[in-house]
Amino acid sequence: DQQVKQNSPSLSVQEGRISILNCDYTNSMFDYFLWYKKYPAEGPTFLISISSIKDKNEDGRFTVFLNKSAKHLSLHIVPSQPGDSAVYFCAASAFSAGGTSYGKLTFGQGTILTVHP
Amino acid sequence: GAVVSQHPSRVICKSGTSVKIECRSLDFQATTMFWYRQFPKQSLMLMATSNEGSKATYEQGVEKDKFLINHASLTLSTLTVTSAHPEDSSFYICSAGTSGGRRQYFGPGTRLTVT
């Protein structure tokens, strides 16, 4: 059961344009979402996160949008740069039933972003 | 800040031997560490969650006697792959989280090849 899905395996964008990466989830208990960037043979690097009490979070060129009713989030990169080329994973987590932070992440399959000069 | 290291970065071992991978949080105390494995062109699959001073919690389908996890201090967790077989060849990644924090910081990963 894939609780976090990234339906686009790859995305190709021209330098300077906007990159939009999408992610859908099914578990309504998820209340914290993260985007990670990953290069081959390296660990993921944290990019940006959003709590379910918000619908938008911005950090420089990166903006994450959350639509809770649709169980959908997206990552916008503007302007896209060749150095942004990597695999992007969205991840989600839920508080444990006891109310304390649990932190376990469920990852999507990843989207390969290629930014052409 | 929030740097996590892993050692070794790459290891080749013979079938039937055991391999230990270390995960360290360098500039913060990690109350919880996580171990993932990633197969080529696939997502990161959580193997287990370890909390300092207590037994690890393994995900369904992960053999706890094969993948031994020890989290002896707030900055160090180890994963030992016992009696390794070629099907255990994979990319193993650890991450660390802080108390009350929702983010995980990942190590650079360890490429295990079992011949």
Side-chain angles (χ1 to χ4, degrees), chain A residues 1-10 23-25 29-54 57 59 64 66 86-112, chain B residues 1-11 21 23-26 28 30-52 56-61 90-113:
Chain A
D1 176 30
Q2 190 76 32
Q3 296 187 58
V4 178
K5 296 181 183 180
Q6 292 175 257
N7 292 316
S8 297
S10 63
C23 180
D24 297 293
Y25 61 96
M29 297 302 292
F30 288 147
D31 67 338
Y32 192 73
F33 305 88
L34 310 90
W35 283 94
Y36 286 87
K37 176 180 178 181
K38 186 180 182 300
Y39 295 110
E42 293 185 12
T45 301
F46 171 78
L47 279 177
I48 193 168
S49 62
I50 188 167
S51 165
S52 61
I53 61 174
K54 293 185 174 182
N57 189 26
D59 184 1
V64 56
L66 174 63
V87 180
Y88 287 78
F89 289 96
C90 71
S93 75
F95 273 110
S96 67
T100 57
S101 177
Y102 182 30
K104 172 181 169 180
L105 293 181
T106 302
F107 281 85
Q109 308 95 311
T111 297
I112 301 171
Chain B
V3 178
V4 177
S5 70
Q6 263 183 260
H7 179 80
S9 58
R10 191 179 282 269
V11 58
I21 303 170
C23 177
R24 293 181 185 273
S25 57
L26 299 185
F28 67 102
T31 52
T32 307
M33 286 185 169
F34 304 85
W35 287 95
Y36 296 82
R37 67 188 291 184
Q38 183 185 29
F39 292 103
K41 298 184 180 180
Q42 293 190 26
S43 185
L44 284 76
M45 299 300 296
L46 179 66
M47 299 175 65
T49 303
S50 75
N51 293 293
E52 187 264 337
T57 303
Y58 290 82
E59 294 299 301
Q60 191 173 9
S90 190
F91 191 58
Y92 292 87
I93 311 173
C94 72
S95 71
T98 57
S99 177
R102 302 297 298 272
R103 297 180 191 175
Q104 291 181 26
Y105 301 95
F106 285 82
T110 297
R111 170 69 61 192
L112 170 64
T113 303

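Chain A is the first sequence line, chain B the second, and so forth, proteins listed ahead of strands; every chain is numbered from 1.
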Heavy-atom side-chain contact between A:Tyr25 and A:Cys90 under 4.5 Å: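 Of all side-chain heavy-atom pairs linking A:Cys90 with A:Tyr25, none is under 4.5 Å.
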Relative to chain B, which segment of [X] carries a heavy atom at a distance below 4.5 Å: side chain, backbone, both, or neither?
{"X": "A:Ser49", "result": "side chain"}
{"X": "A:Tyr39", "result": "neither"}
{"X": "A:Leu34", "result": "side chain"}
{"X": "A:Phe107", "result": "both"}

Residue part contacting chain A, namely of [X], when any heavy atom lies under 4.5 Å:
{"X": "B:Gln104", "value": "both"}
{"X": "B:Ile93", "value": "side chain"}
{"X": "B:Gln6", "value": "neither"}

What is the minimum heavy-atom distance between B:Val4 and B:Cys94, and which atoms define it?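 Looks like CG1-SG, 3.8 Å.
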If you take all heavy atoms of A:Gln6 and A:Gln109, which pair is closest and at what distance?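 In this case the closest contact between A:Gln6 and A:Gln109 is N-OE1, 2.7 Å.
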Between A:Phe30 and A:Thr106, is the side-chain contact (heavy atoms from CB on, under 4.5 Å) condition met? List the steps. CA-CA 9 Å; A:Phe30 288 147; A:Thr106 302; 3.9 Å; yes
Between B:Tyr36 and B:Phe106, what is the ring plane arrangement, given parallel below 30°, perpendicular above 60°, and tilted in between?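 Aromatic pair B:Tyr36/B:Phe106 classed tilted.
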Say whether, by atom type as modelled, one donor and one acceptor occur between the side chain of B:Ser25 and the main chain of B:Phe28 under 3.5 angstrom.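 Between the backbone of B:Phe28 and the side chain of B:Ser25 there is a qualifying donor-acceptor contact (under 3.5 Å).
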Give the member of A:Gly110, A:Ala91, A:Pro9, A:Ser93 that has the highest number of heavy-atom pairs under 4.5 Å with chain B.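 Option with the greatest count: A:Ser93.
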Using a 4.5 angstrom heavy-atom cutoff, name the option from A:Val87, A:Val4, A:Thr45, A:Leu105 with the most pairs to chain B.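 Of the options given, most contacts go to A:Leu105.
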Which of the residues B:Gly109, B:Pro108, B:Pro40 is involved in the greatest number of heavy-atom pairs with chain A at under 4.5 angstrom?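 Most heavy-atom pairs under 4.5 Å with chain A: B:Pro108.
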Going by the side-chain contact (heavy atoms from CB on, under 4.5 Å) test, name the single residue among A:Tyr36, A:Tyr88, A:Phe89 that passes it with A:Leu47.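 In the set A:Tyr36, A:Tyr88, A:Phe89, the residue that makes a side-chain contact (heavy atoms from CB on, under 4.5 Å) with A:Leu47 is A:Tyr88.
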